[in-house]
Amino acid sequence: MAVPMVGRAPALDELRRALDTVRAEKQPVTAVLTGAAGTGKSALVGALLRAAGSTNVLSGAARVHSPAPYDWLAAALQRHDTDQLDVPQDALSWLKQDPDVPRERYTPDALLRIAVTTVRALVKAAPAVLVVEDLHALDPASLNLVAELAATDLPALLLVTSQPPEAAVSPQLTARTLARLTGRPGAIRHHLSGLAPAEVGELLRHAYGVEAVTVEITSAVWRRTEGNPYLITELMARLGPEGLRDLAGPQADLTVREREVLGCIAEGMSNKQIARALEISVRTVTVHVSNLLRKTGAASRTEAALWAVQRDVRARATS
């Protein structure tokens, strides 16, 4: 399902301007997109690359399950012809992670210099986009290489995506690398969080039309996904418009007091405990419980509690 860049347009516009700067002035620009999984980092990268047209792109990512030195460069080299590069072929084979190449010939510093030279040879003098996805999952050698590339004069937009350092394979090294990248002159940094409820509503209206999307549906989707774009699209694909209406459910038919009673039930309170918490009589609680069971279609307090948890219905905060 195609999803517009709701809530991400300002970031995309700034990335486009950065690419225009690289093209016009042939000056390096570093851009870093951070955020939890599913917040739209890769979608932003894809949107920029579609706008980049024929610009040279060098792209790579981590091997999540079996990381090895220079994973990013190895992935990038797979998409390019390297036969004519002015780089020692045995070192190039090592950087491409050829399993048959001896690994003891070059020192780490020498390999880093050769890796930078390799990227220079691929970029040449033409403006380029260097895409580094999932920095948080990269090996230490790749992290060093990315930081070194940011410090070069390559006419390139170095576009990096990463989850926060605490989610990284090497949290401290990732944090230091992100600091080095964002500390570059003119660097761009965008941290992507969940969409706001209004932005969730915009997504839903784009997919289903204005009349099909109520405030209750929007609120239910936002509560379930916390505005995470990936989770929203997964929910939309799985449930469709009818399912989203069911997700919102008859909660809108509950009174404020019934919602408070339902929230207390979800917390495991008895009728007496609810009465004390809400400062109402036990008889009144009993009436509210009967009404909310009927409105939610629940056959028992347990089913009502599950219904409440699924829709994030909570008891009123008490002092």
Side-chain angles (χ1 to χ4, degrees), residues 15 18-19 22-23 26-33 41-42 45-46 48-162 169-170 173-174 177 180-181 184:
L15 292 176
L19 181 57
V22 171
R23 287 168 165 168
K26 292 190 176 182
Q27 295 294 319
V29 178
T30 298
V32 179
L33 305 176
K41 301 182 295 296
S42 294
V45 171
L48 179 71
L49 294 184
R50 287 191 292 274
S54 59
T55 302
N56 185 21
V57 176
L58 192 63
S59 177
R63 290 192 308 181
V64 176
H65 299 295
S66 55
Y70 292 104
D71 269 344
W72 175 79
L73 185 55
L77 290 174
Q78 291 177 2
R79 302 179 177 90
H80 292 267
D81 181 9
T82 61
D83 291 342
Q84 304 304 316
L85 295 182
D86 187 18
V87 178
Q89 287 302 305
D90 55 345
L92 188 59
S93 296
W94 197 96
L95 293 172
K96 293 167 69 174
Q97 298 179 347
D98 185 337
D100 298 324
V101 174
R103 301 192 174 192
E104 63 274 1
R105 177 173 177 179
Y106 295 95
T107 65
D109 286 345
L111 276 172
L112 179 59
R113 289 193 297 271
I114 293 172
V116 172
T117 299
T118 300
V119 175
R120 281 187 176 280
L122 288 170
V123 172
K124 299 178 182 177
V129 181
L130 308 182
V131 179
V132 182
E133 294 219 55
D134 297 330
L135 181 88
H136 63 280
L138 283 175
D139 60 281
S142 291
L143 294 177
N144 286 333
L145 172 59
V146 172
E148 286 296 316
L149 292 174
T152 68
D153 59 354
L154 283 171
L157 172 61
L158 177 60
L159 181 54
V160 178
T161 73
S162 180
V169 175
S170 303
L173 184 54
T174 299
T177 303
R180 291 176 66 184
L181 295 175
R184 298 299 307 167

Is the shortest side-chain heavy-atom distance between [X] and [Y] below 4.5 Å?
| X | Y | answer |
| --- | --- | --- |
| Leu111 | Thr107 | no |
| Val45 | Val131 | yes |
| Leu85 | Thr82 | yes |

Just by distance, with hydrogens left out, do [X] and [Y] show a side-chain donor and acceptor under 3.5 Å apart?
| X | Y | value |
| --- | --- | --- |
| Glu133 | Ser59 | no |
| Asp71 | Gln97 | yes |
| Ser93 | Asp90 | no |
| Thr55 | Arg23 | yes |

Minimum-distance pair of heavy atoms, taken over all atoms of [X] and [Y]:
| X | Y | answer |
| --- | --- | --- |
| Ser162 | Thr174 | OG-CG2, 4.3 Å |
| Ala137 | Val169 | CA-CG2, 3.9 Å |
| Ala75 | Gly60 | CB-CA, 3.9 Å |
| Leu95 | Thr118 | CD1-OG1, 3.9 Å |
| Gln89 | Asp83 | NE2-O, 4.3 Å |
| Ser142 | Tyr70 | OG-CA, 3.3 Å |

query = Does Arg184 use its side chain to pair, donor to acceptor, with the backbone of Ala150 at less than 3.5 Å?
reply = yes
Single hit among Asn56, Val119, Leu159 for side chain to side chain contact (heavy atoms under 4.5 Å, CB included) with Leu130 = Val119
Side chain to side chain contact (heavy atoms under 4.5 Å, CB included) partner of Val160, the single match among Asp134, Val146, Leu33, Leu138 = Val146
message = Going by the rule side-chain contact (heavy atoms from CB on, under 4.5 Å), which residues pair with Val22 if we only count those two or more places apart in sequence or in a different chain?
response = Val29, Pro127, Leu157
